[in-house]
Every structure is written in structure tokens, then in C-alpha cells.
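Basis for what follows: all heavy atoms, side chains included, without hydrogens, waters or symmetry-related copies.
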Amino acid sequence: KTVTFNNHEKYGNFKLKKTADDGYVDKVQFEFFGTSYAGKYSFFTFSTDENGEYYLDTNKIPVGEYTLREIGTPSPNLYVEQEDITVKIENGKTTQVNVHNENVNRKMQIIKTSDDGVVNNIAFKVSCEALGFENTYKTDETGFITAENLKEGTYTVEEINAPDRYEPQAPQTIEIKYPTTQEEANTTYVVNFHNTLKLGKAKIIKTSASGNVEGFEFNITGTSYNGQ
């Protein structure tokens, strides 16, 4: 009597959810490849839908460990390099994989100058209401600030608690964009602030009993608010 044993390969499903800093999630292309535990090689490509999703629910992926690789996106922006992802397919289960594209963020440099040369330890607030971002920075001894990892948005830059000896300065607005090339990514946005000293006028009226008032010289001495 002959007894026959048939081994049936086990299968699972696969689901992907794609997100991105800049919102480009439709028609993002991926490769899925690898060898099952039983030695069967699989390879296929797919694209996400308008919601950034892809769902293979045919229960036809043999159990094993596979590689998921992003190969194309409609986004014009530059992303941080995405590493391959290992996907483990288990029998009768749906493996969920979340993939997020992080845009290459930008840098902004604030350059501070002033009439009296005071530029060190000056505080500036950088904010973006739409992103809920707000941070305070202080200049170094050269009057420079570098704000890093800034996402795309409209930012307001303003000096905080400027001494009264300076003319008031209005906040400045700057539009930060995600880079589309490596050259753009290496470029830093620059904002310049210069403090102008407040100046006044003095009028001297000379009188004398003799009526002689012309040709007299006067010295004005004292110390300004900035110590000069």
C-alpha cells in the first residue's frame, strides 16, 4: 500500500501605507522581491493609490522574508535616502508596512550687524504658524545664527528685546521651500538684520550782554546709552 504526502506551501498577504512630508503618496512605485522559505523566488512591482495604499489580499505570497524597495515617486522634491525594508510574510496573515518619505530640510542663516558693533548673544525668534513651529536662537560672537532642519513653510524672524538705543526693526518673513536638487539642498537661506542707533539733534542758543554771539565753540560731552 502506498501512502502519499503532499506538502502545500503556506501563503500570506501584504499591505503598504505610504506617507510623505510633502504629501506625495499617489503613484509611488515599489519593487517587492525575495525567496520564500521553500526556495521559491518572487518578484513584482506595484504603485500606490491616491491614498498612498497598496493591498495584495490574494493570499498568494509564499511565507518568507522579502525586500521592499521604493523605486520612483512623482514628487519633484528631494527626499532623505530611503533604505530597503525587510518584509516578513506569515501564514494566513496580512503584513502591514508603513513607509514614510522625509524631505531634505533646509537651513537659514541670520546675520546680525549694528551701528555700534554689538552683535553677540542677541536673541531672535523664528516661527511658522502653519507648522506650529517656534524656536529662539542667540547669535554667536560674530553675529551669526544657523537654524537647521526647517520644513517647507512661511517663517517669521524677529529680534527679541532689542535695546532701546536702536531704531525699532520690523519682523521679516521668509518662504522656505523643499529642495528639488542637491545643489538647492546645499544652499542656505539668509536673513539680514541691522540695528541702527537712535540719533537726536541739539540746538544751542548763545546770548550775551554785548550782543556778540558769533564764532563761539562749544564741546558737548557725555555717554550715550550704548556707552560711547
Side-chain angles (χ1 to χ4, degrees), residues 17-25 28 52 70 73-83 85 98-203 219-228:
K17 177 64 177 179
K18 166 73 174 173
T19 56
D21 283 351
D22 58 5
Y24 283 91
V25 297
V28 181
E70 185 175 331
T73 174
S75 173
N77 300 317
L78 201 62
Y79 288 133
V80 175
E81 185 176 355
Q82 185 78 258
E83 296 182 354
I85 298 173
N98 298 311
V99 180
H100 181 77
N101 279 131
E102 180 183 353
N103 284 96
V104 174
N105 294 329
R106 306 302 299 272
K107 293 181 181 180
M108 176 170 59
Q109 190 172 68
I110 302 169
I111 301 176
K112 163 73 173 176
T113 56
S114 67
D115 283 353
D116 56 5
V118 178
V119 297
N120 187 31
N121 205 36
I122 308 299
F124 285 84
K125 183 174 73 173
V126 178
S127 60
C128 177
E129 184 177 357
L131 296 175
F133 175 88
E134 183 178 307
N135 207 353
T136 300
Y137 305 85
K138 288 189 176 182
T139 56
D140 62 16
E141 64 276 5
T142 64
F144 281 64
I145 290 171
T146 300
E148 300 181 309
N149 295 318
L150 299 177
K151 296 185 180 297
E152 185 172 277
T154 302
Y155 290 80
T156 300
V157 184
E158 55 185 315
E159 186 174 349
I160 302 173
N161 300 325
D164 187 58
R165 65 179 180 269
Y166 297 127
E167 296 288 352
Q169 277 211 90
Q172 295 188 42
T173 300
I174 184 168
E175 187 78 16
I176 301 289
K177 293 289 187 181
Y178 285 132
T180 58
T181 65
Q182 190 58 53
E183 183 179 2
E184 285 185 2
N186 294 335
T187 302
T188 300
Y189 288 90
V190 177
V191 182
N192 291 285
F193 277 84
H194 181 81
N195 283 131
T196 302
L197 288 170
K198 292 178 180 177
L199 301 177
K201 295 181 179 180
K203 185 176 182 180
N219 290 324
I220 299 178
T221 61
T223 303
S224 68
Y225 291 138
N226 70 324
Q228 293 182 342

State, with a plain yes or no, whether a side-chain heavy atom of [X] is found less than 4.5 Å away from one of [Y].
{"X": "Lys138", "Y": "Asn120", "result": "no"}
{"X": "Thr146", "Y": "Thr188", "result": "no"}
{"X": "Ile122", "Y": "Phe193", "result": "no"}
{"X": "Pro76", "Y": "Tyr24", "result": "yes"}
{"X": "Pro74", "Y": "Val28", "result": "yes"}
{"X": "Val99", "Y": "Glu70", "result": "yes"}
{"X": "Tyr166", "Y": "Thr196", "result": "no"}

Counting only heavy atoms not in [X], do more than 12 fall under 6.0 Å of its [atom1]?
{"X": "Glu129", "atom1": "CD", "result": "no"}
{"X": "Lys151", "atom1": "NZ", "result": "yes"}
{"X": "Glu81", "atom1": "CD", "result": "no"}

field: Within the 6.0 Å centroid threshold, strictly below: Tyr189 and Tyr155
entry: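 No, the ring centres sit 6.0 Å or more apart.
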
message: Ignoring hydrogens, what is the shortest heavy-atom contact between Thr113 and Val119? Give both atom names and the distance.
response: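 Looks like CA-CG1, 3.8 Å.
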
Rounded to the nearest 0.5 Å, what's the gap from [atom1] on [X] to [atom2] on [Y]? Could you check?
{"X": "Ile145", "Y": "Met108", "atom1": "CD1", "atom2": "CE", "answer": "9.0 Å"}
{"X": "Asn186", "Y": "Lys107", "atom1": "CG", "atom2": "NZ", "answer": "8.5 Å"}
{"X": "Asn149", "Y": "Glu102", "atom1": "CG", "atom2": "CD", "answer": "8.0 Å"}
{"X": "Gln169", "Y": "Glu158", "atom1": "CD", "atom2": "CD", "answer": "11.5 Å"}
{"X": "Tyr137", "Y": "Ile110", "atom1": "OH", "atom2": "CD1", "answer": "7.5 Å"}

query: Hey, mind stepping through Glu148 and Asn105 against side chain to side chain contact (heavy atoms under 4.5 Å, CB included) and telling me if it holds?
result: CA-CA 8 Å; Glu148 300 181 309; Asn105 294 329; over 6 Å; no

task: Tell me, please, which residues at least two apart from Glu159 pass salt bridge (charged side-chain N to carboxylate O under 4.0 Å, His left out).
output: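 Salt bridge (charged side-chain N to carboxylate O under 4.0 Å, His left out) list for Glu159, sorted by chain: Lys112.
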
Taking [X] for its side chain and [Y] for its backbone only, find out whether a donor-acceptor pair lies under 3.5 Å.
{"X": "Gln172", "Y": "Asn192", "value": "yes"}
{"X": "Asp21", "Y": "Asn103", "value": "yes"}
{"X": "Thr139", "Y": "Asn121", "value": "yes"}
{"X": "Glu152", "Y": "Pro179", "value": "no"}

field: Residue among Arg165, Lys198, His194 satisfying side chain to side chain donor-acceptor pair (under 3.5 Å) with Asp115
entry: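 That would be His194; it is the only one of Arg165, Lys198, His194 passing the side chain to side chain donor-acceptor pair (under 3.5 Å) with Asp115.
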
